[in-house]
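A quick write-up on the structure given underneath.
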Amino acid sequence: MNEPNTPESGSEGDDSSELTGSGLAAEKTRRLTRVDQLRDAGVNPYPYRFDRSHTLAEVRAQWGSLEPGTETETAVAIAGRLMLKREQGKLIFATVRDRSDDIQLFVSKAVVGDDAFADIGALDLGDWVGVEGTVMTTRKGELSVKVTRLELLAKAVRPMPDKWHGLSDTDTRFRQRYADLIVNDEARRAFEVRHAIISSFRRTLADKHFVEVETPVLHVEAGGAHARPFLTHHNTLDMQLYLRIALELHLKRLIVGGMERVFEIGRVFRNEGISTRHNPEFTMMELYQAFGDYSEVMALTEELIVQAARDSIGTTVVDIYDHEGTAHRVDLAESWRKVRMIDLVAEKTGVEVHPSQPVESLRELAATHGVSVNPRWGSGKIIEELFEALAETSLIAPTFVTGHPVEISPLARADRNDPFLTERFELFVGTRELANGYSELNDPVEQRLRFEEEQAAKDAGDAERGTVDEDYLRALEYGMPPTGGLGIGMDRVAMLLAGVTSIKEVILFPTLRPEVF
RNA sequence: GCCCCUUUAGCUCAGUCGGUAGAGCAGCGGACUUUUAAUCCGUGGGUCCAGGGUUCGAGCCCCUGAGGGGGCACCA
């Protein structure tokens with residue numbers, strides 16, 4: 001913001017700065033002066049409520065097909081923000097917007113009288129108004145409310161962004177999301193899509209008898225994923241706490257407890273870089289289903305997302321962008337490819353790979369493809385690196401990548417046919433990971449060994465590896481039924497269905513450096 | 001952390017070769033009883049992101065820094 005500080009513009013009764021200083025200061029002074037005038041005239045510029053009879057969409061639904069030049073006797077009460085104003089002698093046309101639609105106001109001096117006409121003329125763009133009037137159409141057929149009474153509901157003392165261009169500066173759009181939402185239809189639409197997706201997920205899961213739960217955000221140990229956590233501190237307990245990086249370990253404790261089908265839609269926090277695909281806080285949906293395995297969860301993943309597409313954008317056909325920004329039209333309703341990670345690597349390298357192979361041979365393969373490897377990595381981790389470097393960018397249409405090596409999947413159960421692989425999948429769409437799930441490891445002895453390997457890697461200097469979660473192991477010792485689990489990045493699903501390429505477009509207030517005022 | 005781009009009026013944007021700041025919208029004054037980003041006439045509004053340098057002279061050139069964007073790195 002380059003806006004100069006104008007303390008005098010905020011103080012009532014000081015009009016010495018009127019029409020001086022910057023345009024913004026003068027404008028705010030003028031509008032604040034209008035607020036004073038209204039109060040002096042006994043009008044509250046910020047009244048307490050307004051009872052409307054119709055939303056604007058309801059008005060349009062009921063009277064949208066009136067013939068041009070029709071006057072009705074139907075009285076309505078509507079409310080919204082004044083977006084446009086066209087004064088024409090003894091008539092004023094104005095556009096009012098509520099969250100459902102826009103509608104035109106038709107104000108005639110002969111109808112409302114001289115004083116009210118002057119008051120309406122004195123409204124500023126951005127003011128909130130409540131309107132009583134009758135439904136009509138103009139000669140050109142524009143559906144309008146012929147105003148009989150107009151009440152200021154809240155005075156705007158700061159001018160709105162450009163009425164035609166809206167806001168384009170991304171910095172201002174993300175910081176002042178309120179202004180972005182006022183003027184940019186696309187911004188509003190993205191968040192409507194996001195809401196529709198989340199509500200669709202809840203419906204789909206409720207139909208399948210999943211129970212929605214809330215588990216702690218403050219964790220003693222940040223587990224369930226490989227990521228650097230945020231640190232915080234509780235004063236009374238005088239202890240360090242982490243913000244959660246995943247929902248997984250608490251939800252599986254609930255499966256142990258016999259809740260059978262649980263899910264949570266919640267914020268997780270990862271102390272990592274910011275990009276078009278990453279925000280430090282983002283929303284995960286995780287679910288766990290007793291007596292299921294990963295193949296069942298894959299089917300559910302597909303169902304959740306396809307249904308969310310229908311519910312949010314009314315179609316399953318979407319444009320998916322590859323890593324170069326080229327759009328590919330894909331019908332999500334066509335069944336999704338399933339392919340093992342090792343087969344994708346074999347496809348790209350022409351060499352069969354498997355985590356049972358000696359690490360030296362995989363290091364050589366990595367070197368021939370220019371993939372650098374950490375000496376601590378085992379065969380499984382190198383295979384994952386090869387996959388990410390060689391295969392990930394080719395995954396445009398929804399693809400389940402399955403069979404991750406055990407080494408990189410400490411919470412997933414080994415493949416029933418191959419002890420080196422897990423019954424795990426990651427869903428990739430448009431080269432991005434959208435979901436991750438597996439047949440959950442429920443053997444407490446095996447889980448302890450996996451945790452100990454994580455701890456050893458962490459102790460050896462790999463900061464993002466896990467620790468031994470003794471309470472979680474205790475829970476498993478009580479017995480967890482066979483379980484399928486899933487995590488979906490809701491922000492990325494929202495990006496996919498809203499058709500945007502930056503995660504900031506689907507997060508209302510993305511993380512930014514603090515603004516200097 | 002590295003590289004590239006960007007920052008001019010409240011908003012959207014021009015700004016030539018380095019010669020002292022422009023438009024549209026919004027605002028203000030005026031005209032107009034069916035407009036549609038209304039139109040027409042008149043008019044006010046600037047820390048050119050910040051600091052430093054070169055120059056007779058910097059929005060423009062150079063250096064440093066800041067915000068934002070994109071890419072890389074990082075990233076179950």
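Not measured: the values here are computed from a predicted model. Both backbone and side-chain heavy atoms feed into the values below; hydrogens, waters and symmetry mates do not. Chain letters run A, B, ... following the sequence lines, proteins first and then strands; every chain starts at 1.
For B:G24 and B:G42, the P atoms lie 11 Å apart once the distance is rounded to whole Å. Comparing the P positions of B:G59 and B:A26 gives an interatomic distance of 30 Å, to the nearest angstrom. Comparing B:G51 with B:C56, their P atoms sit 23 Å apart, to the nearest whole Å. Distance noted for atom C1' between B:G65 and B:U6: 16 Å (whole Å). As rounded to the nearest Å, B:G57 and B:C40 have C1' atoms that lie 41 Å from one another. B:A31 and B:G10: their C1' atoms are spaced 27 Å apart (whole Å). Distance noted for atom C1' between B:G46 and B:A9: 6 Å (whole Å). The P atoms of B:U54 and B:C11 are separated by 34 Å, rounded to the nearest whole Å.
Centroid-to-centroid, the aromatic rings of A:Phe428 and A:Phe387 come within less than 6.0 Å.
For A:Lys163, a side-chain nitrogen or oxygen approaches OP1 or OP2 of B:A26 to under 4.0 Å. OP1 and OP2 of B:G69 both lie 4.0 Å or more from every side-chain N or O belonging to A:Ser502. For A:Arg86, no side-chain nitrogen or oxygen approaches OP1 or OP2 of B:U35 to under 4.0 Å. In this model, the phosphate group of B:G27 is not approached by any side-chain N or O of A:Arg30 to a distance below 4.0 Å at OP1 or OP2. Between A:Arg175 and B:G68, a side-chain N or O to OP1/OP2 separation shorter than 4.0 Å is present. In this model, the phosphate group of B:U33 is not approached by any side-chain N or O of A:Ser108 to a distance below 4.0 Å at OP1 or OP2.
Judged by distance alone with a 3.5 Å cut-off, a donor-acceptor contact links the side chain of A:Thr138 to the base of B:U35. Side-chain atoms of A:Asp162 and base atoms of B:G24 include a donor and an acceptor less than 3.5 Å apart. Side-chain atoms of A:His165 and base atoms of B:C11 include no donor and acceptor less than 3.5 Å apart. The base of B:U34 lies outside donor-acceptor range of the side chain of A:Glu142, with no N or O pair under 3.5 Å.
Straight-line distance from the CG atom of A:Asp102 to the P atom of B:U35: 19 Å, rounded to whole Å. A:Glu454 has its CD atom 11 Å from the P atom of B:A76, to the nearest Å. Here B:C32 presents its P atom at 10 Å from CD of A:Gln88, a figure rounded to the nearest Å. If you take CD of A:Glu388 and P of B:A73, they are 11 Å apart, rounded to a whole angstrom. Summarising the geometry, the separation between CZ on A:Arg492 and C1' on B:A76 is reported as 11 Å, rounded to the nearest angstrom. Rounded to an integer number of Å, the gap from A:Phe282 CZ to B:A76 P is 10 Å. Rounded to whole Å, the distance from CD on A:Glu426 to P on B:A76 is 9 Å. Distance, A:Lys85 NZ to B:U33 P: 17 Å, rounded to whole Å.
Summarising the local packing, CG of A:Asp459 is surrounded by more than 12 heavy atoms from other residues, nucleotides or ligands at distances under 6.0 Å.
Toward the 5′ end of RNA chain B lies the nearest nucleotide of A:Thr501, the other residue of the pair A:Thr501 and A:Ser275 mapping further downstream. In this structure, A:Glu248 and A:Phe106 both approach RNA chain B, and ranking their closest nucleotides by distance from the 5' end singles out A:Phe106.
Nearest nucleotide to the A:Asn436 side chain, out of B:C11, B:A76, B:U33: B:A76.
Although no hydrogens or angles enter the test, the distance criterion places a donor-acceptor pair under 3.5 Å between the side chain of A:Asp98 and the main chain of A:Asp101. For A:Asp322 (side chain) and A:Thr431 (main-chain N/O), no donor-acceptor pair under 3.5 Å exists by modelled atom type. Remark: the backbone N or O of A:Ile182 is paired with a side-chain donor or acceptor of A:Arg97 at under 3.5 angstrom.
Across all strands shown, B:G65 forms a Watson-Crick or G-U wobble pair, both distances under 3.5 Å, with B:C49. Nucleotide B:U43 forms a Watson-Crick or G-U wobble pair with B:G27, both donor-acceptor distances falling under 3.5 Å. The base-pairing partner of B:G59, taking Watson-Crick or G-U wobble contacts with both distances under 3.5 Å, does not exist among the strands shown. In this entry B:G1 has B:C72 as its Watson-Crick or G-U wobble partner, both defining distances falling under 3.5 Å.
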*Report the C-alpha distance between A:Lys381 and A:Glu384 in whole Å, list the side-chain angles of each, state the deciding distance to 0.1 Å, and finish with yes or no for salt bridge (Lys or Arg N to Asp or Glu O under 4.0 Å).*
CA-CA 5 Å; A:Lys381 176 62 178 168; A:Glu384 184 190 38; 3.1 Å; yes

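No engagement by A:Ala227 is indicated, since no non-hydrogen atom pair under 4.0 Å with the nucleic acid exists. Among the heavy atoms of the strands, none lies under 4.0 Å from A:Lys146. Here A:Leu84 lies in heavy-atom contact (under 4.0 Å) with sugar-phosphate atoms only. Residue-level contact check: A:Thr95 touches neither bases nor backbone, having no heavy atom under 4.0 Å from any strand. Among the atoms of the strands shown, none is found under 4.0 Å from any heavy atom of A:Glu384. Across all strands shown, A:Ala110 has heavy atoms under 4.0 Å from base atoms, whether or not it also approaches the sugar-phosphate. The residue A:Gly166 sits close only to the backbone: its heavy atoms come under 4.0 Å of sugar-phosphate atoms, none of a base.
Nearest heavy-atom pair across A:Met495 and A:Thr276 is CE-O, 3.7 Å.
Salt bridge annotation for A:Asp124-A:Arg34: absent, with no cationic side-chain nitrogen under 4.0 angstrom from a carboxylate oxygen.
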